[in-house]
Amino acid sequence: DAGITQSPRHKVTETGTPVTLRCHQTENHRYMYWYRQDPGHGLRLIHYSYGVKDTDKGEVSDGYSVSRSKTEDFLLTLESATSSQTSVYFCAISEPRTVDGYTFGSGTRLTVV
Amino acid sequence: DAKTTQPPSMDCAEGRAANLPCNHSTISGNEYVYWYRQIHSQGPQYIIHGLKNNETNEMASLIITEDRKSSTLILPHATLRDTAVYYCIVRVREGGGSNYKLTFGKGTLLTVNP
């Protein structure tokens, strides 16, 4: 989607290695979110941010950390990747009081072997 | 967020209207109904939202019952490209922090057949 970019798009990593996924936006939206999507579970919220240096946990935050040092970037880090973290990760942005709700990125497919 | 109930799957013939139902019997007075869809392997896409009045945009129409306990998303002339999972979500429209999260259920897989 225009205005929101996820990188990398695909990544294969080994169990126990650290991994960082990046979400970059050019919309100057205040809120940013990380979701994971797995078969049978749908989209689940990992962490979200409501401003620079302001973050909070979602429903599946164990094993993940996030950072937001500037408005446009929201980083998701797996400190020590496990096979259960193999998933498709989506970033989303939103701005309170706008009409259109969330805008999602194209996703990052992460495989932990 | 209030819980929603949607059928797991539906079929529709190309060119016909697709009517996707959603039950949200515990919706609160300040909660809106939002619809998103997710085409295979892509991120979810916003379609439409409403509070109590029917809404229409270039993508779809949203019909909300008078008691607000259910709604129907209408795609007036479904095409093959409308095949996707459709999510009905209720939440407060404004506010910060946890009030602004979207909680996704399993959605309805709409298959548009030629």
Side-chain angles (χ1 to χ4, degrees), chain A residues 1-7 9-10 21 23-25 27 29-52 54-61 87-110, chain B residues 1-9 22 30-53 55-60 62 71 73 84-110:
Chain A
D1 281 67
I4 179 171
T5 306
Q6 291 185 233
S7 59
R9 291 297 310 277
H10 301 272
L21 309 183
C23 179
H24 178 78
Q25 60 143 331
E27 303 297 322
H29 282 5
R30 181 180 170 193
Y31 287 83
M32 299 185 76
Y33 309 79
W34 277 107
Y35 285 84
R36 62 177 288 175
Q37 187 168 35
D38 307 288
H41 289 281
L43 282 146
R44 294 180 291 175
L45 182 65
I46 305 171
H47 281 279
Y48 65 100
S49 169
Y50 46 97
V52 173
D54 292 323
T55 65
D56 205 350
K57 296 179 180 180
E59 59 181 307
V60 290
S61 59
S87 186
V88 180
Y89 292 85
F90 288 101
C91 176
I93 60 174
S94 71
E95 183 64 31
R97 291 175 290 282
T98 58
V99 173
D100 294 346
Y102 285 28
T103 300
F104 282 81
S106 300
T108 294
R109 182 174 296 276
L110 177 68
Chain B
D1 293 313
K3 186 174 180 179
T4 62
T5 304
Q6 299 177 253
S9 64
C22 179
N30 64 341
E31 287 182 315
Y32 286 68
V33 180
Y34 279 77
W35 283 84
Y36 285 76
R37 74 178 183 183
Q38 186 174 24
I39 296 171
H40 182 62
S41 299
Q42 299 181 21
Q45 175 191 23
Y46 165 83
I47 301 173
I48 198 167
H49 76 281
L51 181 62
K52 55 183 178 181
N53 297 321
E55 303 287 345
T56 295
N57 63 20
E58 66 278 5
M59 291 183 67
L62 175 60
S71 61
L73 179 74
V85 177
Y86 288 77
Y87 298 99
C88 169
I89 300 166
V90 295
R91 67 166 176 86
V92 295
R93 180 184 170 186
E94 298 184 6
S98 61
N99 285 339
Y100 214 64
K101 293 183 296 184
L102 280 180
T103 300
F104 287 82
K106 301 270 176 71
T108 296
L109 172 60
L110 174 69

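Keep in mind it's a predicted model, so treat the numbers as computed, not measured. Note on naming: letters A, B, ... go to the chains in the order of the sequence lines (proteins, then strands), and numbering restarts at 1 for each one.
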**Q.** Heavy-atom neighbours of A:R109 CZ exceed 12 at 6.0 Å
**A.** no
**Q.** Interchain contact, A:L45 with chain B, by part (heavy-atom threshold 4.5 Å)
**A.** side chain
Q) Considering only heavy atoms, which portion of A:Q37 lies under 4.5 Å from any heavy atom of chain B: side chain, backbone, both, or neither? A) side chain
Q) If every non-hydrogen atom of B:Q42 is compared with every non-hydrogen atom of A:F90, which pair is closest and at what distance? A) O-CZ, 3.5 Å
Q: For A:S49, check side chain to side chain contact (heavy atoms under 4.5 Å, CB included) against everything at least two apart and list the hits.
A: A:T55, A:R68, A:F74
Q) Between A:Y35 and B:F104, does the ring centroid distance fall short of 6.0 Å? A) yes
Q) CZ/A:F104 to OH/B:Y36 distance, rounded to the nearest 0.5 angstrom? A) 6.5 Å
